[in-house]
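Written below as structure tokens is the structure these notes are about.
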Amino acid sequence: MDRIDEESQTPAPPVTFTGRKTLVAAAVAVVLIAGALLIRPARTDDDARPPEPSERAASAVGMGAPAAAVDLTALVADREKWLAAHPDDDASWAVLGSAYLEQARRTADSGWYPKAERALKRSLEVRPAEKGNFDAMTGMGALANARRDFGTGRKWGELVRAQAPKRWTAYPVLVDAYAGLGDYKAAQNAMEQLQEMRPGLAAYVRASQVYRDRGWREDAVVAMEHAAGAAKTPAEKAYALFRLGELSWERGDAAEALRQYEGALRTDPAQSEALGGRARALAALGRGGEAVRDYRMALGRTPVPRLARELGELLDSLGRGQEARAQYEAVATMAARDSRNGVDDDVVTGLYEADHGDPAAAVRRLSEEWSRHKSMQVADALGWALHQAGEDAAALEYAKKATEPGLRSADFAFHRAMIERGLGDVAAARRHLQEAVRTNPHFSPVRGPLAKEILAAIATPPPGGPENLQPTAPWVEPELPKAAGPKPSPSGR
């Protein structure tokens, strides 16, 4: 053992190479490197340089994730230039169509939708669906959902799934389509498959959406927090923070919603949806002037009917009726613009007509919408339009369809309460008004105070009631008969 220890402590002699040994070693090294390159050829992501803006945007739209505005502009310019010289590149047409679609989402400009449709259809002309043009097919499904044509979105998503069941990009399309159609069980199944196949931002966002629709608020928040953690770019992070703000707003926490919206705007100042959300939260916190400012800024960036309606109601509550009427008129103008570009705005337009226009026209419009999309949102809007048209018995059936699947919505609860009050069911109206105020006491600058006012008027039962409701004498414990002992047996034992 001592000899072994001594040998182990003796330094090894230096390695020397003769000229021949050096040539042999170099030859071996060349063979090993060549073999490694054959086994794993160089890839584009081996480049240590950061990706170009167009590359970042292409990666985002390919994953169904939000893209930064500057990156998206670069991608559109890059693909348009490329396709001018290579018009038969089906993959680039599909990328361009998806980029146009993301531009529509970021800017709320429905004029991008026809451009997206033309690009995606061109891709399908070059390489038809039968030959597996899955990117263009998925893009067509996402486009249909963005236009709220959920039946067409479902068809495209199911076509991709039938041809390529393991292609995960079909499942976000299916979740959105099934939810828009009111098939919430199918939406949940598609979401669970998506989570198994591709956990990440898209899966977490869809999971939060499904949980919200079921009324599982805590699960919805946790899933969206996972989405924020999975975000890889400021645009993705800002979108997740905006959605967290929406969840906080819906549960009545205006201060937390404001914090999330402002976090989204700090992360991505171009996140205009968060600007509208901040306006909503500021109005709830009594900061009406700042809210009006933010609403106007948001409408300047993303002119959508919902924001115009909210601003109109805020101005109404501030006693600025003439300005409010201008915003209500803008709702109809924006909806007509969207309709020309293939967008279905019937729910927002129907609610506007029910409150500020022709309730009978709203009933007709929303009845047609119900024949296509049996979602909670359509059921609520149709029930409210029927109530405004004086048809409370029919309205209640749709109000139940809106409130019973599970979504916790102060607007839905308020609409049902008013319908029940119209039918003379004061107890049910009281219960649902309490639910509306408890869910979100700031849900509307017009309907929120009205809900509290009506609830105060019907908070206690009217005087009277059955006679002798209260006992006239103190309660005395009754004398109960004593239990009889065991009977003797016939044998005397």
Side-chain angles (χ1 to χ4, degrees), residues 182 184 213-215 250-252 306 309-310 312-313 316-317 328 331 346-467 469:
Y184 300 106
D213 289 344
R214 298 294 300 274
E250 289 177 355
R251 69 172 183 265
R306 177 193 175 187
R309 180 171 180 253
E310 290 180 5
E313 292 183 349
D316 252 342
S317 70
Y328 294 142
V331 172
D346 281 345
V347 170
V348 174
T349 306
L351 287 170
Y352 160 74
E353 289 179 342
D355 286 330
H356 307 286
D358 182 356
V363 170
R364 291 192 296 271
R365 176 189 293 272
L366 290 165
S367 296
E368 292 176 5
E369 179 70 5
W370 177 254
S371 68
R372 296 187 296 269
H373 305 133
K374 293 178 171 55
S375 67
M376 291 180 283
Q377 289 75 17
V378 180
D380 168 71
L382 178 53
W384 184 245
L386 286 164
H387 165 73
Q388 295 290 73
E391 302 177 43
D392 285 324
L396 183 59
E397 296 304 313
Y398 290 99
K400 289 178 179 178
K401 294 178 188 296
T403 53
E404 289 175 355
L407 177 65
R408 304 278 296 278
S409 167
D411 265 310
F412 287 9
F414 173 78
H415 287 163
R416 180 167 177 175
M418 298 303 290
I419 292 167
E420 289 164 336
R421 183 170 178 250
L423 290 169
D425 190 348
V426 177
R430 181 187 307 114
R431 183 171 66 254
H432 286 109
L433 283 171
Q434 289 171 339
E435 180 182 340
V437 173
R438 185 170 57 249
T439 300
N440 183 2
H442 316 292
F443 68 96
S444 165
V446 173
R447 294 181 297 283
L450 179 61
K452 295 174 185 176
E453 180 183 334
I454 296 173
L455 185 58
I458 62 174
T460 57
E467 294 182 0
L469 187 62

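Side-chain atoms are counted along with the backbone in the values below, which use heavy atoms only and exclude waters and symmetry mates.
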* Looking at Ala379 and Trp370, what are the two nearest heavy atoms and their distance? -> CB-CZ3, 3.6 Å
* Would you name the heavy atoms of Ala451 and Val437 that are closest together and state the gap between them? => CB-CG2, 4.3 Å
* Asked: Ion pair present between Arg438 and Glu435, side-chain N to carboxylate O less than 4.0 angstrom?
  -> no
* **Minimum side-chain heavy-atom gap Arg447-Asp411 below 4.5 Å** => yes
* Smallest separation among heavy atoms of Ser444 and Pro449, with atom names -> O-CD, 3.4 Å
* Atom CZ of Arg365: over 12 foreign heavy atoms under 6.0 Å -> yes
* **Heavy-atom donor-acceptor pair, Arg430 side chain to Ile458 backbone, under 3.5 Å** => yes
Could you give the side-chain donor-acceptor pairs of residues 393-405 under 3.5 Å, partners two or more places apart or in another chain?
{"residue": "Thr403", "atom": "OG1", "partner": "Ala399", "partner atom": "O", "Å": "2.9"}
{"residue": "Thr403", "atom": "OG1", "partner": "Arg416", "partner atom": "NH1", "Å": "2.8"}

* Would you say the side chain of Ser367 lies within less than 4.5 Å of the side chain of Leu382, judging by non-hydrogen atoms? -> yes
* Structure fact -> Distance col, row Ile419:CD1 vs Asp380:CG, nearest 0.5 angstrom, shows 8.0 Å
* Asked: Hey, what's the ring geometry for His415 with Trp384, parallel, tilted or perpendicular (30° and 60° as the breaks)?
  -> parallel
* Asked: Got a second to check how far Glu250's CD is from Asn440's CG, nearest 0.5 Å?
  -> 8.5 Å
* Does any donor atom in the side chain of Asp355 or Gln388 lie under 3.5 Å from an acceptor atom in the other side chain? -> yes
* Structure fact -> Minimal heavy-atom distance between Leu366 and Gly350, with the atoms involved, is CD1-CA, 3.9 Å
* Is there a side-chain contact between Val378 and Arg372 (heavy atoms, below 4.5 Å)? -> no
* Asked: Roughly how far apart are Leu351 CG and His356 NE2, rounded to 0.5 Å?
  -> 9.5 Å
* Asked: Would you find a donor on one side and an acceptor on the other, under 3.5 Å apart, between the side chain of Tyr352 and the backbone of Arg309?
  -> no
* Asked: Taking all non-hydrogen atoms of both residues, which atom of Thr439 and which atom of Arg408 are closest, and how far apart?
  -> CG2-O, 3.9 Å
* May I ask you to say whether Glu310 pairs ionically with Arg306, meaning some side-chain N is under 4.0 Å from a carboxylate O? => yes
* What closest approach, in Å, do Ala362 and Ala354 show between heavy atoms, and which atom pair accounts for it? -> CB-N, 3.8 Å
* Asked: Hey, does Ser409 have a side-chain heavy atom less than 4.5 Å from the side chain of Phe414?
  -> no
* Test log, rule side-chain contact (heavy atoms from CB on, under 4.5 Å), inputs Leu407 and Gln377 -> CA-CA 10 Å; Leu407 177 65; Gln377 289 75 17; 4.0 Å; yes
* Say you draw a straight line from CG of Asp392 to CZ of Arg421; how long is it, rounded to the nearest 0.5 Å? -> 11.0 Å
* Asked: Roughly how far, to the nearest 0.5 Å, is CG of Leu450 from OG of Ser317?
  -> 13.0 Å
